[in-house]
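Everything below concerns the one structure shown next.
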Amino acid sequence: MTYVLAFDLGASSGRAMLGRIENGRIQLEELHRFSNDPVAIGNRLHWDMLRLLQELKQSLLKAKHRGIAISSIGIDSWGVDFGLIGDNGELLGNPYHYRDAHTNGVYEEVVEELTYDEIFRRTGIQFMSINTLYHLAAMKRANSPLLKEAKHFLMIPALLRYFLTGKMHNEFSLATTTQMFNPVSNDWDGTLLEGIGVDRSIMGTVVAPGTGVGELRESICTELGVPAVPVYAVAEHDTGSAVAAVPALAPSFAYLSCGTWSLIGTEVGNPVLTERAQQLNFTNEGGVYGTYRLLKNIMGLWLLQECRRAWEREGASYTFPELVKLADEAKPFAFFMDCDDDLFLQPGHMPEAIDAYCARTGQQVPDNPGAYVRGILENLAFKYRYALEQTEELAGAVFEGLHMVGGGIQNTLLCQWTANAIGKPVWAGPVEGSAIGNMLVQWIASGKLTDIWEARKLVRESFPIELYEPQDAAAWRNAYETFVMTTKLA
C-alpha cells in the first residue's frame, strides 16, 4: 500500500499527512505535527525556514521507519511570504513574517504612487498591507542587501520544494496572493515590479497546480535513506487546497475556509475585475484547474489565538474547548467590532486591542475571558454574513448555504452562530481541508482520479458533513443590524 504525503503548513503549526484511497474512501493519517512559531530578532519578525525543513525531513524519516511507501509529495502553506536565493543557490536570510512591521508606511506610499485603480486592474487582488508587493517595496526602499544579491524569488512552499528537489518553480495559486501576478497575461506583472524597483528576472516561472516539479534530490535521499520520490506543485496556497476539497456537487457554491485566517467566497471561471469588486476590496486568487477564488480575507481565529496567548502570559491557561464553553455561557451581543480593524493585525495584547476598539466606539469593554471569546465568535459570524452577501452580489448568484472547511469547524459554536448570522444552512467538513485538497491534486496529477469533480465527490463520500440549521433568526437579524451600524460597514 502506497500513500501520498501532504505537507500542510499553517501560520501557527504544520502537519505531515498521509493519504490513500481504499474501498472508495479517502483514508487519512497524521504522520507528524509540529509548531510553526515566528522568531523575533530585534524589531524584526521572521520565519525559521531551516527548522521547517528539518520537520519535513523528520516526517520522511518517520515514514521510512514505519515502512510506509510514499508515491508522491505536495506542500501547501499560507500566502504572501517568500525567500530570496543568491547566486550561489543559498537562502539569503530568514524570510520576513507577513506581520512584520517593516511595511508600515510603505503600503500607503506604494498605493499612492501606483494607484488603487492600476494595481487592482493588473492583479484583481484585495488590498492588504501584508501582501508581498509591499514587503518587496519595503526591502527596496530600505536598500536591503538581500534584495540586491537576490537571483531568485520563491514563495514558501517553492522554497521548501527547492530545498528538497533543487528545482525552482513558483506555483500559480500562491503567485496570485503576492498582488504582483497579472491574471490577464497569466504572468508576473512587469509594470508593478518596475514600479517598486524589483527586477522581473528574479521572479522565475509559474507553474499550474498538478505540475510535476522534480523529485527528492540525491543529497536528501542519501541523508535520509529514502528513494527519489516525485514532488508535485499542488494548489500551494492552503486556501486553494482547502477549496479544492470543498465537497460541493454543483459549480455554484460558497465556501468558508476557517482557521487563523477566514476566507469566504466562491469559485469562478474568470477573475472579477470590476470597479465594484475593487470598491468592496475583494480578491481573485488562483484556484485549481483554470478557476479563480473570488473571496474576502477576514482576520479569523487569529483574534482568539492571540487572546489565549495573552492570558497564558499572565498565568491563566485555557484550552480552546474551555474558552468555547465560557463563551457559550457569556452574555450574547455584548459588543460589536469589525474583526478586520487595523488594531488587530499585528501581534500584541489582543484583549487590550479589543478594549481599545470598544472604547473608541463608545461600548463597554468585556470583563472576563468568556465575554471576549463570545464577542470574537459572534462578530466573526456577522462579518461572514457581510462578506457572503457581497460575494453573491459580485458573482451574480444566490447561494443555498455555506460550506465550511478547515480546523475552525471544530468550534461548533462558530459553525452554529455562522448559520444563525447568515440565516442559511452551514455544511461543516472536512476538518483537514487543506491537506485533503493537496492530496486530491496529487492523485489527479498521477492519474488516480480523473478530475476535480470526481475528487470532490470522493471527499463527500469519505468524510462526515455536519449540518447546522439557522436558529434564533429574529435576535440574530436585529444584532446584525446593530453590528453594521456600530462598525460603520453599511
Side-chain angles (χ1 to χ4, degrees), residues 3-19 28-39 45-64 66 68 70 72-83 91 94-99 154-165 171 173-174 177 216 220 224 226 229 231-242 244-245 257-261 263 300-302 305-306 308-309 320 347 405-410 430-442:
Y3 297 75
V4 295
L5 176 59
F7 290 116
D8 178 29
L9 308 179
S12 58
S13 66
R15 298 88 51 79
M17 300 290 294
L18 295 169
L28 290 182
E29 180 184 347
E30 184 178 289
L31 176 66
H32 183 49
R33 179 179 286 268
F34 46 92
S35 63
N36 181 23
D37 302 308
V39 180
L45 195 62
H46 296 271
W47 294 109
D48 189 348
M49 294 309 301
L50 299 186
R51 187 266 175 107
L52 289 179
L53 173 61
Q54 189 65 9
E55 298 290 0
L56 268 57
K57 289 182 178 181
Q58 290 302 308
S59 303
L60 292 168
L61 281 175
K62 282 188 176 183
K64 171 193 168 183
R66 288 179 49 189
I68 293 172
I70 304 297
S72 64
I73 296 170
I75 307 172
D76 67 81
S77 86
W78 67 97
V80 310
D81 285 334
F82 60 93
L91 177 64
N94 284 302
Y96 286 118
H97 190 287
Y98 60 82
R99 295 190 193 273
L154 295 174
M155 303 295 285
I156 295 299
L159 178 60
L160 291 168
R161 277 195 284 102
Y162 168 62
F163 291 157
L164 293 178
T165 68
E171 180 274 330
S173 72
L174 263 181
T177 72
L216 294 180
I220 294 284
L224 303 181
V226 297
V229 177
V231 178
Y232 289 107
V234 295
E236 292 191 337
H237 189 206
D238 51 9
T239 309
S241 279
S257 178
C258 186
T260 300
W261 287 89
L263 302 102
L301 291 171
W302 156 258
Q305 294 163 356
E306 284 295 285
R308 179 171 177 258
R309 188 173 292 118
F320 284 115
V405 297
I409 68 171
Q410 296 173 94
V431 173
E432 303 289 355
S434 296
I436 294 168
N438 180 322
M439 294 174 183
L440 295 178
V441 173
Q442 293 186 60

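A quick note: this is a predicted structure, and the numbers were derived from the prediction, not measured. Throughout, residue positions are numbered sequentially from 1 according to the sequence presented.
- Among all heavy-atom pairs drawn from P347 and L45, the shortest one is CG-CD2, 4.3 Å.
- By the 4.5 Å heavy-atom criterion applied to side chains, E236 and I156 are not counted as neighbours.
- Side-chain atoms of T177 come within 3.5 Å of backbone atoms of L174 as a donor-acceptor pair (strictly under, hydrogens ignored).
- Taking both residues in full, the closest heavy atoms of L154 and Y162 are given as CD1-CB, 3.9 Å, listed atom of the first, atom of the second, then distance.
- The heavy-atom pair separating Y232 from R161 by the smallest distance is O-CD, 4.3 Å.
- When every heavy atom of M439 is checked against every heavy atom of V4, the shortest pair comes out as CG-CG2, 3.6 Å.
- Between the side chain of D76 and the main chain of A235, no donor-acceptor pair closer than 3.5 Å is present.
- Taking 4.5 Å as the limit, some side-chain heavy atom of L5 sits within range of a side-chain heavy atom of L60.
- Within the 4.5 Å cutoff, the side chain of W78 has heavy atoms near those of the L9 side chain.
- Between the side chain of E55 and the backbone N or O of S35, no donor-acceptor pair lies under 3.5 Å.
- A 4.5 Å side-chain heavy-atom check between I70 and V226 finds every atom pair outside the cut-off.
- Atom CG of residue D81 and atom NE2 of residue H46 lie 11.5 Å apart, to the nearest 0.5 angstrom.
- Side-chain atoms of F7 and I73, non-hydrogen and from C-beta on, do get closer than 4.5 Å to each other.
- Across all their heavy atoms, A245 and G433 have their closest contact at CB-O, 3.4 Å.
- Side-chain contact between N438 and M17: absent, with no pair of heavy atoms (C-beta onward) separated by less than 4.5 Å.
- Distance check, rounded to the nearest 0.5 Å: CG of L53 to CG of D48 gives 10.5 Å.
- Aromatic ring orientation, W47 versus H97: parallel (interplanar angle below 30°, classes split at 30° and 60°).
- With sequence neighbours excluded, the residues that form a ring pair (Phe, Tyr, Trp, His ring centres under 6.0 Å) with F34 are H32.
- When all heavy atoms of L31 and S59 are compared, the pair lying nearest together is CD2-O, 3.2 Å.
- Using a distance-only test at 3.5 Å, with no hydrogens or angles considered, a donor-acceptor pair links the side chain of S173 to the main chain of H237.
- Here the OG1 atom belonging to T165 is positioned 10.5 Å from the CG atom belonging to L160, to the nearest 0.5 angstrom.
- Using a 4.5 Å heavy-atom threshold, the side chains of L56 and I75 count as touching.
- Ring planes of Y98 and W261: tilted class, angle from 30 to 60°.
- Screening residues 431-440 for salt bridge (charged side-chain N to carboxylate O under 4.0 Å, His left out), with sequence neighbours left out, gives R15-E432.
- At least one side-chain heavy atom of M49 sits less than 4.5 Å from a side-chain heavy atom of L91.
- The CG atom of L301 sits 4.5 Å away from atom SG of C258, with the distance rounded to the nearest 0.5 Å.
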